[in-house]
Amino acid sequence: MKRNQTLNLIGAVTLVTLAAKLLGIIREALQARAFGTLAAADLYTAANNNSIYLFTTAAYALCIAAVPILTPRLRRSRKEGYEAAGNLLTITILVCAAVAAVWIGATYTPLMQSLWDGTAEEAAQLGAYMRVMALTLPVIGATYLLVALMQSLEHFVLQGSMSIPYNLALILFLAVFAGQMGVGGYVAAVAAAWLLQLGMTAPYMVKEKYRPRFHLDLRADYVKTFFRTALVTALTTSIFLFCYLQDSGMTARLTGSPVSAFYYADKLFTPLTTTLIYSISTVLFPKFSQEYAATDQKTYRRYIWGVLRSTLAIILPMSMVLAAFGTPIVQVLFEGGNFDAASTAATGAIFTIYSLSMAGFCALDLLSKAYYTMEKTLTPLLVNAGILACNWALNRLMGPRWGGAGLAAATAVSISAGGLLMGVLFLWKTGGIQTRPLVKSLLCTAATGGTLWVLTARVLNGAEGKALLVVKCVGMGAAAAVVYVLLMLLVRQEDFQDLMRRYKT
């Protein structure tokens, strides 16, 4: 794949994914207005965290594990590839159905009381919500396996676009029915809307003339690899999710720190962070395999380092802008109805701190996939396990002292340190590593960010209406972008200049 074609494809995937993520943010904004951060919303958050959120994490890991299995078989013959896809699809649906049954059974046990620090009636309501959400697991598993098949056939846009009808349906529900049907009705709507995501795979299946043929072959040579890789990637590709679950779980035991504040902060941070990062890695993941097969290990590692530097040149200023405008973004998107100024302050503080971990999150994602290409999973596994241990320890040190902000800071520190450590381990003894471009990016980001923080403190007085707040923030954000570009050109940052040349040609 040529460089310009790769950039164009990344751009297309990013735009489609961004559209889907923006709809998701609108959905979360309407949800915030309808349910706020009250106990009912916290029950929905706890149910979602302990069911659908975990299910999608596991299913995404299955998707990543399936791609390297299906791709070479499809290249040899469609028949062989489609046969493997049918077998993996059958295994996935059966496993998901079994897990869903166990999940539903667990909701009738005292486990619910351990998941919720409230009354017995609230714990019972949590169990009811989780039973409804557990029904989605086979659908989620099937959806992501079909996404893996289509990615292997180079249909990269599907993953970003499949949540568009899902979000539109839930936006309609929240706008029209939330007042009458409440949180319980919304739980049912969320579960049913997953069928729309599964339906998005149908046009691609028709185009590729794929008809699922369910059959079970546990002796196939790729089955063990599929599950082993999926187990590792479930941790390494969703490290922020597990840190977030640690944070939200601990904040439920802290006075004055609502779980929903973490929920809404995560629902802003995750889509904004993953839109560009996952778009890049989705397109480049097959390219990693080609580069690794065509070069020696040191050349391959230097190639990955170049990709990471170029990506960080974009991610670092994004992180800076989101951190500077964290609370205003939350105010504009969520404040209103039951989501009051106190909710804005709590959520904004958490989102601001989370935003500082974007560079570490980016490094972890790209470097983990680089390791998978080399068929090495131990280093990502150990690094991410270390991040969880570090976050757990820092949560207990910082949470009781600084509340929700301390928990968020623990996650930001842990993820950033993990990204740095994995980078050092990946590049150890490689030689020929250029660090000057990254240093230039960091200095330009620090200079621009410092200026923006000072400007924000002087321009925003806290009394603006939402329209004026948007105008001020957009204006300052645009000015910051111009300053960053000028600084990068002034210091002749190599990666930035290379990107500019590619787009010109």
Side-chain angles (χ1 to χ4, degrees), residues 1-2 5-6 9 12-13 16 56 58-99 137-162 194-234 237 278 281-294 369 372-375 377:
M1 189 182 296
K2 295 181 179 179
Q5 291 177 332
T6 301
L9 187 53
V13 174
V16 172
T56 53
Y60 179 63
L62 294 175
C63 175
I64 292 177
V67 169
I69 293 173
L70 297 177
T71 300
R73 289 168 173 78
L74 287 166
R75 288 179 178 176
R76 287 196 293 266
S77 76
R78 286 293 179 96
K79 182 180 179 180
E80 181 183 359
Y82 286 171
E83 183 178 350
N87 187 32
L88 292 179
L89 188 60
T90 302
I91 293 171
T92 298
I93 291 175
L94 290 175
V95 170
C96 289
V99 172
L137 180 53
V139 177
I140 294 172
T143 300
Y144 273 94
L145 254 295
L146 291 172
V147 168
L149 174 61
M150 295 307 151
Q151 283 188 5
S152 300
L153 293 168
E154 298 189 354
H155 293 295
F156 299 113
V157 175
L158 172 59
Q159 184 173 334
S161 64
M162 68 181 186
W194 261 97
L195 293 171
L196 296 175
Q197 299 210 50
L198 178 61
M200 283 292 288
T201 64
Y204 294 89
M205 294 167 62
V206 171
K207 182 176 181 179
E208 297 295 342
K209 298 180 181 180
Y210 173 69
R211 294 182 180 179
R213 295 183 179 180
F214 300 101
H215 66 282
L216 185 62
D217 181 11
L218 295 177
R219 295 182 179 180
D221 58 357
Y222 52 79
V223 172
K224 290 183 179 179
T225 301
F226 175 64
F227 281 113
R228 183 174 63 250
T229 305
L231 287 174
V232 175
T233 55
T237 62
Y278 283 0
S281 63
T282 296
V283 175
L284 289 182
F285 198 12
K287 179 68 173 175
F288 287 3
S289 299
Q290 297 173 17
E291 195 73 22
Y292 182 65
K369 289 182 171 66
Y372 301 152
T373 300
M374 301 164 64
E375 298 184 359
T377 57

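Computed from heavy atoms alone, side chains included, the values below leave out hydrogens, waters and symmetry copies.
For the pair Tyr60/Gln159, a side-chain contact is recorded, criterion being any heavy-atom separation below 4.5 Å from C-beta on. You'll find the side chain of Thr90 stays beyond 4.5 Å of the side chain of Asp217, heavy atoms only. Contact check for Phe226 versus Thr92: side-chain heavy atoms found under the 4.5 Å cut-off. Within the 4.5 Å cutoff, no side-chain heavy atoms of Leu149 are placed close to those of Leu88. Inter-residue side-chain proximity for Lys369 and Ile64 is flagged as met; some heavy-atom pair is nearer than 4.5 Å. Residues Met162 and Val147 are in side-chain contact: their nearest non-hydrogen atoms beyond the backbone lie under 4.5 Å apart.
Once rounded to the nearest 0.5 Å, the distance linking SG of Cys96 with CG of Leu62 reads 6.5 Å. The distance from the CG atom of Leu153 to the CE atom of Met205 is 11.5 Å, given to the nearest 0.5 Å. Note that the CE atom of Met200 and the OG1 atom of Thr143 stand 11.0 Å from one another [nearest 0.5 Å].
One finds no salt bridge joining Glu83 and Arg213 here, because no Lys/Arg side-chain nitrogen approaches an Asp/Glu carboxylate oxygen to under 4.0 Å.
For the pair Ala230 and Ala61, the tightest heavy-atom approach, listed with the atom from each and the gap, is O-CB, 3.5 Å. The heavy-atom pair separating Leu70 from Ala85 by the smallest distance is CD2-N, 3.7 Å.
Ser152 pairs by the side chain to side chain donor-acceptor pair (under 3.5 Å) definition with Thr71, not counting sequence neighbours. Among residues two or more places apart in sequence or in another chain, the side-chain contact (heavy atoms from CB on, under 4.5 Å) test is passed with Ala142 by Leu89, Ile93, Leu198. Applying the side-chain contact (heavy atoms from CB on, under 4.5 Å) test to Leu195 and every residue at least two apart in sequence or in another chain returns Val139. Residues passing the salt bridge (Lys or Arg N to Asp or Glu O under 4.0 Å) test with Arg211, sequence neighbours excluded: none. For the side chain to side chain donor-acceptor pair (under 3.5 Å) test, no residue two or more places apart in sequence or in another chain qualifies with Arg219.
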Exercise. Kindly indicate, with the supporting measurements, whether the criterion side-chain contact (heavy atoms from CB on, under 4.5 Å) is fulfilled by Thr201 and Met150.
Key: CA-CA 8 Å; Thr201 64; Met150 295 307 151; 5.7 Å; no

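Residues in residues 200-223 take part in these ring-ring contact (aromatic ring centres under 6.0 Å, His included) pairs, two or more places apart or across chains: Tyr82-Tyr210, His155-Tyr204.
A donor-acceptor contact shorter than 3.5 Å is absent between the side chain of Arg78 and the backbone of Leu74.
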